[in-house]
Amino acid sequence: MPDDEAMDQLLKSAFAAEAPKLSPTFDARVLRRVRPRRLTPLGRVVIAAYAVIATTGAVWWMRDLPLESIALAVAIGLPLAAGAGAYGRRLVAG
């Protein structure tokens, strides 16, 4: 019976105590950590410049290929890129 009395005393003291409170800035800190990060304006410029340079390079390197080969490469490449992007987003989302 001493175990029951000790448990009763422990529960009484736990229920009588004041509930712990988090600091007022806790929610803001948590939200700041879990919020998805956005690109800075410089990051957007870098991505846009990369896209322009990559597109220009691809067009330049494929200029001598027949149109059917280019269309086939685009038809295969776009679904692969979309699938890789979706897989990457899923990995990041957890």
Side-chain angles (χ1 to χ4, degrees):
M1 285 294 199
D3 288 339
D4 289 340
E5 291 172 11
M7 183 57 77
D8 287 343
Q9 186 62 29
L10 180 65
L11 288 173
K12 283 179 188 177
S13 65
F15 284 124
E18 186 177 331
K21 294 184 181 180
L22 298 172
S23 70
T25 59
F26 179 77
D27 286 341
R29 287 186 304 193
V30 168
L31 289 176
R32 203 172 30 249
R33 286 209 170 215
V34 299
R35 185 179 317 139
R37 294 184 181 173
R38 304 285 180 198
L39 278 178
T40 63
L42 177 62
R44 291 174 195 237
V45 169
V46 169
I47 295 292
Y50 171 77
V52 168
I53 291 169
T55 303
T56 304
V59 169
W60 178 259
W61 286 316
M62 291 193 302
R63 69 185 185 279
D64 294 332
L65 291 177
L67 190 57
E68 295 82 16
S69 299
I70 295 171
L72 182 63
V74 169
I76 292 171
L78 282 178
L80 285 175
Y87 180 67
R89 281 189 301 277
R90 199 165 181 199
L91 284 178
V92 169

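None of the values given here were measured: they were computed from a predicted structure.
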Quiz prompt | For L42, all residues meeting side-chain contact (heavy atoms from CB on, under 4.5 Å), sequence neighbours excluded | solution = T40, V46
Exercise. Could you tell me the separation between the CG atom of L67 and the CE atom of M62, rounded to the nearest 0.5 Å?
Key: 10.0 Å
Quiz prompt | Side-chain hydrophobic cluster, 4.5 Å single linkage: members besides L39 | solution = I47
Pairs under 3.5 angstrom only: tabulate donor-acceptor contacts from the side chains of residues 8-17 to other protein residues two or more places apart or in another chain.
| unit_1 | atom_1 | unit_2 | atom_2 | d |
| --- | --- | --- | --- | --- |
| S13 | OG | Q9 | O | 3.3 |
| S13 | OG | L10 | O | 2.9 |

Quiz item: For P24, which residues count as a side-chain contact (heavy atoms from CB on, under 4.5 Å) partner, sequence neighbours excluded?
Solution: none
Exercise. Quickly, which of I53, V59, V52 forms a side chain to side chain contact (heavy atoms under 4.5 Å, CB included) with T56? Name it, please.
Key: V52
Exercise. Starting from L80, walk the hydrophobic network (Ile, Leu, Val, Met, Phe, Trp, Tyr; side-chain heavy atoms closer than 4.5 Å) and list everyone else you reach, by chain and number.
Key: L72, I76
Quiz prompt | Results of side-chain contact (heavy atoms from CB on, under 4.5 Å) for T25 - residues two or more places apart only | solution = S23, R29
Quiz item: Any chance CZ of R38 has more than 12 other-residue heavy atoms, nucleotides or ligands included, within less than 6.0 Å?
Solution: no
Exercise. Hydrophobic side-chain clustering at under 4.5 Å (ILVMFWY, transitive links): who's grouped with W61? Put none if nobody.
Key: W60
